[in-house]
> 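Quick one: structure below, then a few questions.
Counting from 1, the numbers follow the sequence of the chain as shown. When reading the values below, keep in mind they use all heavy atoms of this one structure, side chains included, and skip hydrogens, waters and symmetry mates.
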Amino acid sequence: MKTTPWHSTRSDDRKVHHDETRCTEGNNIEDRYRKTGTGGHPKCSRCKEISG
Ligand SMILES: [Zn+2]
């Protein structure tokens, strides 16, 4: 399901944003690194696949 974009502020993570609630990579982001918005990053490839 599509939702408000979020991204990780952790420097080790890929510089992408997520907008699919079913994205495992996006869901693996810890709460303290999770930030609302795209962060100016492109959309995660997994989110793209899920949303078609
Ligand atoms: Zn994603």
> Taking all non-hydrogen atoms of both residues into account, name the closest pair between K15 and R10 and its distance.
NZ-O, 4.1 Å
> Let me confirm one number: the OG1-NE2 distance from T4 to H18, rounded to the nearest 0.5 Å.
14.5 Å
> Please list every donor-acceptor pair under 3.5 Å in which a side-chain atom of residues 32-39 meets a protein atom from a residue at least two apart or in another chain.
| from | atom 1 | to | atom 2 | distance (Å) |
| --- | --- | --- | --- | --- |
| R32 | NE | E30 | OE1 | 3.0 |
| R32 | NH2 | E30 | OE1 | 2.9 |
| T38 | OG1 | G40 | N | 3.1 |

> Roughly how far, to the nearest 0.5 Å, is the CD1 atom of I50 from the OG1 atom of T24?
6.5 Å
> Testing the basics here: between I29 and W6, what is the closest heavy-atom pair and its distance to 0.1 Å?
CD1-NE1, 3.8 Å
> Sequence neighbours left out, what passes side chain to side chain donor-acceptor pair (under 3.5 Å) with R14? Give chain and number order.
E25
> Answer yes or no: is there a side-chain heavy-atom contact under 4.5 Å between H17 and K43?
yes
> Is V16 isolated, or which residues cluster with it under the ILVMFWY side-chain rule of less than 4.5 Å, directly or via members?
none
> Would you confirm whether T21, through its side chain, and M1, through its main-chain N or O, come within 3.5 Å as a donor-acceptor pair?
yes
> Can you tell me how far CD of E49 sits from SG of C44, rounded to the nearest 0.5 angstrom?
8.5 Å
> Can you tell me how far apart CD (E20) and NZ (K2) are? Round to the nearest 0.5 Å.
7.0 Å
